[in-house]
There are 2 protein chains.
Amino acid sequence: MSNILIVDDELKIREIIKKYAEFEGHTVTEASGGLQAVNICREREFDIIILDIMMPDLDGFSVCREIRKNSSTPVIMLSARGEEYDRIHGFEVGVDDYVVKPFSPKELMMRIAAIIKRSSKSDSDMVKIGGLCIDFTGRMVTIDGKNINMTPKEYDLLFYLVKNRGIALTREKLISNVWGYDFYGDDRTLDTHIKLLRKNLGEYSSNIVTLRGVGYRFEASANQT
Amino acid sequence: MSNILIVDDELKIREIIKKYAEFEGHTVTEASGGLQAVNICREREFDIIILDIMMPDLDGFSVCREIRKNSSTPVIMLSARGEEYDRIHGFEVGVDDYVVKPFSPKELMMRIAAIIKRSSKSDSDMVKIGGLCIDFTGRMVTIDGKNINMTPKEYDLLFYLVKNRGIALTREKLISNVWGYDFYGDDRTLDTHIKLLRKNLGEYSSNIVTLRGVGYRFEASANQT
DNA sequence: CCCAATGTGAATTTAGTGTGAAAACTCGAT
DNA sequence: ATCGAGTTTTCACACTAAATTCACATTGGG
């Protein structure tokens with residue numbers, strides 16, 4: 001269902017959360033410390049991050065602040081009882097929710113479900129792949145909330161690729177659907193636009209997979225380079 | 001953005017809400033008890049009131065009932081876990097929403113935003129984007145309170161753009177909706193009116209985004225130049 | 001290693017939009 | 001009727017972003 005990152009120095013806590021989360025159908029990645037968490041987040045996107053406050057190397061707030069620099073992934077903080085005051089620090093780093101330890105795993109799962117539900121907007125026609133978001137009604141593309149400037153052809157090409165994500169598309173099919181069946185032009189035109197599109201997609205450029213001798217396929221899932 | 005009254009006997013809860021709310025741009029007033037809240041409400045109006053149920057002097061329901069005697073300000077109740085029964089009670093006194101403690105600050109903020117949006121929508125037919133305000137009933141446009149003189153066509157065009165803000169509008173769609181389906185005129189007519197409209201919108205001119213090869217889109221959010 | 005397929009940068013061409021000025025139209029006041 | 005201020009439309013042209021081409025580099029499979 002969702003990709004969850006659990007960050008806690010206590011193995012037992014991680015195991016409990018992992019067990020429950022996997023039971024709910026989520027995919028879990030673990031980090032035993034703050035620094036490790038920051039490094040993992042630089043490499044890949046998660047749908048939700050569960051973050052302990054008290055950790056020996058780097059505390060939860062610092063981790064959250066670091067993550068927020070290039071991602072808006074929801075964060076749930078785990079605080080030990082009595083650390084009430086810490087809640088106040090959360091606002092400036094953009095914490096989404098708190099759960100006080102010792103917590104009920106079921107409650108945590110419910111909060112995860114609530115956050116996932118609210119972050120997946122269903123009011124307009126759009127596709128999200130990690131931090132990449134294609135809004136069809138607005139003809140708009142954003143990466144981690146930042147607007148990406150797309151030329152008409154780039155957008156049309158991306159649109160067709162994404163609409164048929166996970167499916168192998170021949171060059172002929174792409175050309176006739178994006179340019180029109182009557183397009184007669186250079187062979188390199190498609191490559192060039194794929195190139196431009198990849199450049200624009202930045203970290204998501206590798207989601208456009210080249211199928212040698214065939215064409216291209218848009219990878220449906222977020223990439224974990 | 002809005003004036004919020006927070007009523008809770010716990011200082012920490014008030015502090016958390018205040019921090020988050022001020023971060024969102026709201027102005028916050030605090031009351032540490034029910035009686036104080038009632039007194040403050042007699043003196044001034046708020047856009048929204050966040051009200052704890054359990055308070056030593058006067059409980060949330062009584063406060064709400066008292067406030068409702070001469071105001072229809074939206075109220076969000078904070079209830080402790082397990083106080084399910086109170087929900088039913090709440091509807092009788094005119095509560096707008098509930099948040100169960102311990103709550104997610106972000107969720108509370110979203111509910112505040114939802115209520116503000118809802119109440120501002122119903123009482124007057126207007127759209128605000130930053131300092132730009134389009135009053136449909138009055139057919140009036142203001143920027144930072146200053147009246148903007150609009151020619152009929154300019155207004156009609158802006159009206160259609162704003163009504164469909166966030167949506168990519170083709171030139172054809174714009175033409176047929178603003179001029180009429182049977183308009184047969186120069187290609188440059190639309191551009192010219194977009195030009196005039198942009199000139200009139202001043203700092204908000206960039207909210208009309210050109211979608212090359214397609215048309216235009218009105219950006220829903222305020223721009224930060 | 002070879003070769004066909006794909007990637008790339010730069011140059012060129014094309015197409016779409018912005019703009020100013022002038023013409024044409026509207027409509028109320030004289 | 002006529003005027004005239006304000007408004008709308010047209011048009012020629014400027015501008016520039018975008019599409020395409022092409023020569024050459026790179027890659028990956030047999």
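Proteins get letters first, then strands, A, B, ... in listed order; numbering begins at 1 in each.
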The side chain of [X] lies closest to which of these nucleotides: [options]?
X	options	value
A:Y216	C:dG7, D:dA18, D:dT9	C:dG7
B:R171	C:dT17, D:dC11, C:dT6	C:dT17
B:T151	D:dT7, C:dT17, D:dT20	D:dT7
B:H193	D:dT20, D:dT10, D:dT8	D:dT8
B:D191	C:dT19, D:dT9, D:dT20	C:dT19

[N] phosphate, OP1 or OP2: any side-chain N/O from [X] under 4.0 angstrom?
X	N	result
B:W179	D:dT8	no
B:R188	C:dG20	no
A:Y184	D:dT20	no
B:T189	D:dT10	yes
B:T192	D:dT8	no
A:Y155	D:dA18	no
A:T210	C:dG7	yes
B:R212	D:dA19	no

* Give a yes or no on whether a salt bridge exists between B:R212 and A:D156, defined as a side-chain N under 4.0 angstrom from a carboxylate O. => no
* Asked: Would you call A:E15 and A:K19 a salt bridge, taking side-chain N to carboxylate O under 4.0 Å as the test?
  -> no
Provide, to the nearest angstrom, the distance between the [atom1] atom belonging to [X] and the [atom2] atom belonging to [N].
X	N	atom1	atom2	answer
A:D186	C:dT8	CG	P	16 Å
B:K199	C:dA21	NZ	C1'	12 Å
A:F183	C:dA15	CZ	P	12 Å
B:D187	D:dA12	CG	P	13 Å
A:N149	D:dT16	CG	C1'	13 Å

Return a table of donor-acceptor pairs under 3.5 angstrom between the side chains of residues 172-180 of chain A and protein atoms on other chains or two or more places apart.
residue	atom	partner	partner atom	Å
A:S176	OG	A:E172	O	3.2
A:S176	OG	A:K173	O	3.3
A:N177	ND2	A:Y160	OH	3.0
A:N177	ND2	A:K173	O	2.8

* So, A:D59 versus A:S62: side-chain donor-acceptor pair below 3.5 Å or not? -> yes
* Using a 4.0 Å heavy-atom cut-off across all strands, classify B:K195 as base, sugar-phosphate, or nothing. => base
* Remember a base hit wins even if backbone is also touched, and classify B:L190 as base, sugar-phosphate or nothing at under 4.0 Å, heavy atoms. => nothing
